[in-house]
Number of protein chains: 2
Amino acid sequence: MLLSKSTEYGIRATLYLTSLKQEGYVSIRDISDELDISFHFLTKIFQKLTQADLLQSFRGPRGGVALARPADQITLLDLVTAIDGPALFTECVLGLPGCGERKPCPLHEAWGPERDNLKALFENATLASMAADLETFDLRLKILHL
Amino acid sequence: MLLSKSTEYGIRATLYLTSLKQEGYVSIRDISDELDISFHFLTKIFQKLTQADLLQSFRGPRGGVALARPADQITLLDLVTAIDGPALFTECVLGLPGCGERKPCPLHEAWGPERDNLKALFENATLASMAADLETFDLRLKILHL
DNA sequence: TATATTTAAGACAATTAAGTCTTTAATTAA
DNA sequence: TTAATTAAAGACTTAATTGTCTTAAATATA
Ligand code: FES
Ligand code: FES
């Protein structure tokens, strides 16, 4: 699995939040209901994103969460690293400590560039661009019961 | 994390086994000692690889494990799928069921090709080519205590 | 045959990830 | 001021992964 469940949920939920284009705060309950994600679990994930200054939160009636900056200034890489940490983009694919040129593992030469591609993929995907695609191509963020 | 610990160990151990170029069987104990991997855990991983017909095993004195086919006919993709299953190369990166063109998620267009690259990377890496690199470039398979 | 060697198999424990529940704190509105 | 709403925090449970240990089965060799 490339991303943890937490990160999968975090991306889907933040993307949905973005797509609402709502002025004020959106309640976590609304988001968790809409995407069929456990409310309390999602709350914890959003707490991480709030602590990483990617989201703002507000308690009480009319409270909820909102993007902390414009949607074109938050990337999926921001979300992934805030939730799962940077390991995917820095660590040895074989789990050996100290990935680098000095004493590389047999996969380093092939994995290094691939890892950079992957990082670029997440870095180039802003919440704004993703939300635009979402509308344009009618993409899905939730499981479908067909 | 891209690969599970089991797969990381499985790749390192099989690569080491290949590099020995030994005629008969190599005991699992020798491999686990050399690479600092738990013997019993590695035994289980090798059992999966044996059941997938990538390795052959033999019990009793002078027993152990050996490649089931020539090293240029076993790829890292074979190892990964035998241990972790094919999910990494088939499933939606956001965890939504039924990754495909019919109702793609917002990352599908970018992730699809990237996933194919990743698959090609593992598919093009045979045990033979990796073992050759290992010699040529003095690469490492075990943690170093510098 | 008896003993030592080695993988197979499965029970078991420890750790981490995932998910649930309760209580607290902040805020609004009646 | 009181009650309702909502996120924060943390205890707790469950499930999956990782790791350890014991016993059984197969095999070679003395
Ligand atoms: S050392 Fe293994 S990927 Fe860099
Ligand atoms: S539907 Fe998400 S990657 Fe294909």
Side-chain angles (χ1 to χ4, degrees), chain A residues 1-14 17 22 24-68 80 83-85 87-88 91 94-95, chain B residues 1-14 17 22 24-68 80 83-85 87-88 91 94-95:
Chain A
M1 187 182 300
L2 188 73
L3 305 174
S4 68
K5 283 287 167 199
S6 292
T7 297
E8 289 178 2
Y9 295 161
I11 290 176
R12 287 169 55 206
T14 309
L17 168 64
Q22 191 166 309
Y25 294 95
V26 177
S27 89
I28 298 176
R29 176 71 69 180
D30 288 349
I31 300 173
S32 69
D33 280 354
E34 179 63 23
L35 298 184
D36 282 311
I37 299 171
S38 149
F39 165 72
H40 291 288
F41 196 31
L42 185 55
T43 293
K44 289 189 178 178
I45 296 166
F46 275 149
Q47 279 174 34
K48 281 195 182 180
L49 296 179
T50 301
Q51 284 156 12
D53 285 318
L54 300 173
L55 298 183
Q56 270 187 312
S57 67
F58 197 79
R59 290 198 262 201
R62 327 240 325 240
V65 290
L67 300 188
V80 173
I83 302 171
D84 268 353
L88 179 60
E91 298 300 306
L94 292 186
Chain B
M1 186 184 299
L2 188 74
L3 305 175
S4 68
K5 283 286 167 200
S6 291
T7 297
E8 289 177 4
Y9 295 161
I11 291 177
R12 287 170 56 207
T14 309
L17 168 63
Q22 190 167 309
Y25 294 95
V26 177
S27 90
I28 298 176
R29 176 71 70 181
D30 287 349
I31 299 174
S32 69
D33 280 354
E34 178 63 23
L35 298 184
D36 281 312
I37 299 172
S38 148
F39 165 71
H40 288 103
F41 196 32
L42 185 55
T43 293
K44 287 188 180 179
I45 297 166
F46 275 149
Q47 277 174 34
K48 280 195 183 180
L49 296 179
T50 301
Q51 283 156 13
D53 285 319
L54 300 173
L55 298 184
Q56 271 187 311
S57 67
F58 197 79
R59 290 198 262 201
R62 327 247 320 247
V65 290
L67 301 187
V80 172
I83 302 171
D84 269 351
L88 179 61
E91 296 300 305
L94 292 185

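The figures here come from the full heavy-atom set of this structure, side chains too, leaving out hydrogens, waters and symmetry mates. A note on names: the letters A, B, ... follow the listed sequences, proteins ahead of strands, and every chain is numbered from 1.
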Interatomic distance where [atom1] belongs to [X] and [atom2] belongs to [N] [whole Å]:
{"X": "A:M1", "N": "D:dA15", "atom1": "CE", "atom2": "C1'", "result": "13 Å"}
{"X": "A:D30", "N": "D:dT6", "atom1": "CG", "atom2": "P", "result": "8 Å"}
{"X": "A:I83", "N": "C:dA17", "atom1": "CD1", "atom2": "P", "result": "14 Å"}
{"X": "B:F41", "N": "D:dT22", "atom1": "CZ", "atom2": "P", "result": "19 Å"}
{"X": "B:Y25", "N": "C:dT7", "atom1": "OH", "atom2": "P", "result": "11 Å"}
{"X": "A:K48", "N": "D:dG10", "atom1": "NZ", "atom2": "P", "result": "14 Å"}
{"X": "A:E8", "N": "C:dG19", "atom1": "CD", "atom2": "P", "result": "9 Å"}
{"X": "A:Q47", "N": "D:dA8", "atom1": "CD", "atom2": "P", "result": "5 Å"}

Check whether any side-chain nitrogen or oxygen of [X] sits under 4.0 Å from OP1 or OP2 of [N], and answer yes or no.
{"X": "A:R59", "N": "C:dT28", "value": "no"}
{"X": "A:Q51", "N": "D:dA7", "value": "no"}
{"X": "A:Y9", "N": "C:dG19", "value": "yes"}
{"X": "B:S27", "N": "C:dT5", "value": "no"}
{"X": "B:S57", "N": "C:dA8", "value": "yes"}
{"X": "A:S4", "N": "C:dA17", "value": "no"}

Worksheet entry | pair B:I11-B:L3: side-chain heavy atoms closer than 4.5 Å | yes

Practice prompt. Could you check if a side-chain atom of A:I37 sits within less than 4.5 angstrom of a side-chain atom of A:I31, using non-hydrogen atoms only?
Written response: no

Item to complete: Compare every heavy atom of A:V65 with every heavy atom of A:L17, then report the nearest pair and how far apart it is.
Response: CD1-O, 3.8 Å

Fill in: Nearest to side-chain heavy atoms of B:R62, which nucleotide of C:dT6, D:dT18, D:dA28
D:dA28

Worksheet item: Which nucleotide sits closest to the side chain of B:I28: C:dT20, D:dT6, C:dT7?
Response: C:dT7

Worksheet item: Measuring from A:K5:NZ to B:L94:CG, what's the distance to the nearest 0.5 Å?
Response: 10.0 Å

Worksheet entry | CZ-CG distance between A:R29 and A:L42, expressed to the nearest 0.5 angstrom | 10.5 Å

Practice prompt. Please tell me which of A:K44 and A:F58 maps to the more 5' nucleotide of DNA chain D, matching each residue to the nucleotide holding its nearest heavy atom.
Written response: A:F58

Worksheet item: Mapping A:G60 and A:F39 onto DNA chain C by nearest heavy atom, which one lands closer to the 5' end?
Response: A:F39

Discussion item. Regarding D:dT22, can its base be found pairing with the side chain of B:H40 as donor and acceptor, where the two atoms are less than 3.5 Å apart?
Written reply: yes

